[in-house]
Engineer: 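I have a structure I would like to understand better, so I am pasting it below and will then ask my questions one at a time.
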Amino acid sequence: MSKNTPNIPGLGSFFLKNPGLFFKGMKNQLKQGVPMDLISLMGDYGKKTKKADASPTQLVANFTAGFPVEFLLAFDVWPGFPEFSACTAGMCEISQPLIEEAEGMGYSRDLCAYMKTAIGAREKGYPLDLGGSPVGDFYCGTNGVCDTHAKWFENEARKYGRPYFAMDVPCVVSGSDEARWKVDSDYIVAQLYDLIKFLEQQTGKKFDEAKFMNIINKSQECNRLYLEFFEYRKRIPAADYFIFMRVFMFPVFAQYDQDAAIKYYQKVLDKMKKRYAQAPEKIGKPEKYRLMWEGITLWYASDFYKDLEKKGAHIVYELYTESSAFRRKKTSSVEETMRQMAKEFTSATYILEQDKRIPFMVQKIDEYSIDGIILHANMSCRPSAAGLQDVKTEIEKRTNKPVLILTCDMMDPRAFSEAQVQNRIDAFIEMMEENRTQKEKQIMSGGTGQWQTINR
Amino acid sequence: MLTIGLDIGSITTKIAVMNSKALIDAKVSFTGYNVEKAWRNILKETLDRLQLKESAVDRIVATGYGRSGVSIANETVTEIKCHAVGARFYMDNVASVIDIGGQDSKFIRIDKGGNVADFVMNDKCAAGTGRFLEVMARALEVDLTDFSKLSLQARKSSPISSMCTVFAESEVISLIAKGESRENIIAGINESIVNRLVSMIGRSKIEEPVVLTGGVAQNIGIQTALMKKLKIKIWVPETAQVNGAIGAAILARNI
Ligand code: SF4
C-alpha cells in the first residue's frame, strides 16, 4: 500500500509565524502541573507520531475513543488519536479559535467540540503539540461511545480520499437486554474479523495471532495497573485528583507504547504503596470535601480545578477516567478476546443506562467517601449530558448529598462563564458545609418581619 | 450587635444594617463599573444617615457577584445562601425562594432545618432576568415602575418566543410596528419571563410557602403571571430587593 500522508506542520515554523500563540500554548501546558515522567511519556507519543507521519513507509491510522486500538498495533500501524490532539489544544487554552474555524466551515455550534477543535487545528495548520493531528492513511471509527465519532471519521476519510473502517456497536443501552446479547455479540465479533481482513488489505501483512495476544496481554496488564491506582484514590487523602487523572489516563487510552506505559504505571503504584504504608494523612493535601465528577473534564480550565482545591474541595473520583480502562478481563484466545471486547463495547461505564448508572454512582459515592457530586452538563456532548437531571434527583434522594449540575463544555470556553461557575461552586460548597455542620439551624431563626401578601 | 450586609449585584448594590433583632436601614444604588466605589459610597451614605461611625459596626458580610471586591468584609457568602437566610427572616418556615436579580434568576429550596437543600439558576442567558426587563422597557420607552403596572391593563398577551434578549427585543419592535398595544406586549414579556422561570423551577421541586425576592419581585405583572402559572400563593417581602443583603447581615451575626 502506498503511503501518501501530508506532514503535520512543525512546531518551529509555527512558532515563527505565531510566536504569541506558541508561548501562550506552552505556558498553559506547563501550568497543568503534570509530573515530568508523564510529560515525557506523552512527549514521546508526539515525537513518534510526527516521525510516523513523515515516514514514507510507516502507516498511520486515526482511531476514535472506544475503538480496539490493539488491532492496529498488531499490524504495526501507528495509532493517530485526534481526540488527544484536541485535548492538548484545550490544555493550551487555544481551542476557541479552532472551534470557530470549524464553525466557519459549517459545523454547528451544537456539535462535538473535540471534533471541531481537531478539524479547526488541521485547517489552520497547527502542529501536533498545539492540537494538530496527522491525516490518517486510513481511518478506524466506531459509534460505540457516540455517533459523532462515526460521522466525523467518515467525513475525514472522504475528504482525504482514505479508506474507512466503521465498527457499528448496537445501541442496546448497555446490556439491558440480555436476550439479545448473543446476537449483538456475534454481530460485533463478525465485524472484528472484518477488521482483521481490512487491516490485512491496508498493510499487506498477515494477521499474527500470537503477536496480537501478546499485545492484548500487555493491554490487560496496563489496564489492571491503571485501575489499581483508583484503589489509592479511595484513601483519605486520595492518591491524586482529577486534574492529574485526566492526563494520567492517556497511556491506557492510546496504548501506543505498552511497555513504557506498564513501566510508568508500575512505578507510580510502587510509590503509592510506599506512601500509604507510611502515614498518608501527613503527606496529602487537606481534604475538606471529597467530590465526584461525572462527565468530561473542562480541558481549558485548569485554574478552575486548582481553585476548587484551594477551597479544600478535591475531585477524588470520576466515571469518565475510570471508563477509559477497557481490557479488564484476562483472555487467552483471539475469539475469547473478541467476545470480551463485544461485552466491553456495550457496557462501558461511560454509556451505562440510568438504571445501572445511578446504583453504580451510589456505590462509588460510598466507596470513595464522597461529600458532593458535580455533574457536567456538556453543551456539545450529548452522550455525557443526557439524563443528568434524573441522576441528580435520584442521587440526592438516595444519598442525601448535594448534587450540582454545571452547564459548560469540555473544550469550548465560550460555554464557561467564570463568575457564574464560581457562584455555583461557592453555593455548592456552602451546601456541603451545611450538610456537615448543620450550623445554620441556629442562625436561621426569625419570623419577625413585615408581610405584604399579593394573592388576595 | 450591629452588622451590615452588602449585596453587590450586576446592576444594583444593596446594603442592609441590622442589630441583633431587627432591620435598621436598607438602601439600593447602582453598581456601575467601579464595584469598590459603589459599596464605599453606599456604606458611607448609610452610616452618615444613621450617624454611625464605621467602628460601630461589628461585622460585615458581602454577597453578590462583586462580593470578593469588598475588602472590608469579614466574610463573603453566596447570594443563594443569603437569599435563603433573608427569606427566613420574614417567614421562618419558608420552603422555596424565587429570586429574580439583574442577570441571574434562581430557585432555592430550603429544607426543614432551614438549610439550602437545592438550587437552580438560569444558565448562559440573561433572558428571564432583570436585565431582560430593562432592555424591553427601553424598547417600549416605559419606565420600570409603569412597566410593572401596565400589564394589568392588557386585554391579551402578545407572545414573545425568542430565547435571546437581543432577538426578543427585535420581536418587541416588530410587534410595535404591527400596532400591538404596549400593555399587551408587556403582558407577553412578563409571560415569557415567567415561562422561563417555571421551566427552571421544574428542575427542582417547589414547596410552599414560596417567597419571591430580588429587584424584579416588586413587578406586579410578574407576580401575577407567576402565581397564575404555578397555581400557588407567593409572598413578597417589602424589602424583596434587599433580601440578599438582609441575609448577609444576619449571617454576619454568627461568624
Ligand atoms: S462522546 Fe461527546 S466528546 Fe466524545 S465524540 Fe461524542 S460528542 Fe464528542
Side-chain angles (χ1 to χ4, degrees), chain A residues 109 307 311 372 375 377 379 385 388-390 392-393 395-397 400-409 412 414-456, chain B residues 10 21-23 64-68 76-81 84-94 103-104 106 108 110-111 113-124 202-205 212 218 220 223-224 227 232-240 246-247 250-251 253-255:
Chain A
R109 173 107 200 225
D307 281 353
K311 290 174 178 161
L375 308 175
M379 293 194 80
L388 292 185
Q389 188 58 49
D390 294 333
K392 174 177 155 69
T393 312
I395 301 251
E396 279 173 347
K397 203 158 85 191
N400 216 12
K401 312 264 182 205
V403 181
L404 174 73
I405 297 185
L406 213 51
T407 306
C408 298
D409 191 281
D412 190 345
R414 294 172 302 178
F416 181 85
S417 151
E418 200 181 335
Q420 288 197 356
V421 168
Q422 277 317 328
N423 213 20
R424 284 155 178 74
I425 290 290
D426 287 350
F428 176 61
I429 288 178
E430 285 169 359
M431 281 167 74
M432 287 191 289
E433 185 61 26
E434 274 175 358
N435 239 8
R436 237 168 38 157
T437 61
Q438 297 288 311
K439 197 170 89 186
E440 297 319 315
K441 275 187 180 163
Q442 301 127 38
I443 298 174
M444 292 198 237
S445 57
T448 52
Q450 295 287 309
W451 279 97
Q452 166 202 359
T453 174
I454 51 168
N455 193 18
R456 287 187 253 261
Chain B
S10 60
K21 279 204 185 80
L23 178 65
Y65 271 101
R67 63 184 179 275
S68 58
T76 58
V77 179
T78 65
E79 51 282 28
I80 290 130
K81 185 165 173 176
V85 175
R88 289 262 302 169
F89 174 66
Y90 282 96
M91 185 182 267
D92 57 7
N93 63 339
V94 59
Q103 63 171 33
D104 262 343
K106 39 184 121 37
I108 307 159
I110 300 172
D111 68 17
N115 299 316
V116 174
D118 188 21
F119 69 91
V120 278
M121 294 169 86
N122 64 314
D123 256 308
K124 316 284 170 232
R203 288 189 261 141
S204 187
K205 193 169 163 242
L212 182 64
Q218 302 294 1
I220 187 109
Q223 294 169 2
T224 315
M227 283 193 291
I232 52 174
K233 181 170 175 169
I234 288 172
W235 301 84
V236 186
E238 279 160 359
T239 46
I246 291 174
I250 295 172
L251 285 165
R253 292 176 190 160
N254 291 281
I255 52 172

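By convention in this document, chain letters (A, B, ...) are assigned in the order of the sequence lines, proteins followed by strands, and residues within each chain are numbered from 1. All of these numbers come straight from a predicted model, not from anything done at the bench.
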Engineer: What's the shortest heavy-atom distance between A:Gln420 and B:Asn122, and which atoms?
Structural biologist: OE1-O, 4.4 Å

Engineer: Checking B:Val94 against chain A: side chain, backbone, both or neither under 4.5 Å from a heavy atom?
Structural biologist: neither

Engineer: Heavy-atom distances under 4.5 Å only: say whether B:Ala117 touches chain A with side chain, backbone, both or neither.
Structural biologist: backbone

Engineer: Return the CG to CZ distance between B:Asp104 and A:Arg424, rounded to the nearest 0.5 Å.
Structural biologist: 6.0 Å

Engineer: If you look at every heavy atom in B:Asp118 and A:Glu396, which pair is closest and at what distance?
Structural biologist: OD1-OE2, 3.8 Å

Engineer: Decide side-chain contact (heavy atoms from CB on, under 4.5 Å) for A:Glu434 and B:Lys81; before the verdict, give the C-alpha distance in whole Å, the side-chain angles of both, and the deciding distance to 0.1 Å.
Structural biologist: CA-CA 10 Å; A:Glu434 274 175 358; B:Lys81 185 165 173 176; 3.5 Å; yes

Engineer: How about B:Glu79 and A:Asn423: do any of their side-chain heavy atoms sit closer than 4.5 Å?
Structural biologist: yes

Engineer: Report, as yes or no, whether the 6.0 Å neighbourhood of atom NZ on A:Lys311 holds more than 12 heavy atoms from other residues, nucleotides or ligands.
Structural biologist: yes

Engineer: For chain A, which of B:Thr78, B:Ile246, B:Thr76, B:Leu23 has the most heavy-atom pairs under 4.5 Å?
Structural biologist: B:Thr78

Engineer: What are the two closest non-hydrogen atoms of B:Phe119 and A:Phe428, and how far apart are they?
Structural biologist: CE2-N, 4.1 Å

Engineer: Can you measure from CZ (B:Arg67) to CG (A:Asp426) and round to the nearest 0.5 angstrom?
Structural biologist: 4.5 Å

Engineer: Considering non-hydrogen atoms only, spot the tightest contact between B:Ile80 and A:Ala427 and give its length.
Structural biologist: CD1-CB, 3.4 Å

Engineer: Any heavy-atom pair between the side chains of A:Glu430 and B:Val116 that's under 4.5 Å?
Structural biologist: no

Engineer: Within the 4.5 Å heavy-atom criterion, are A:Ile405 and B:Arg203 side-chain neighbours or not?
Structural biologist: no

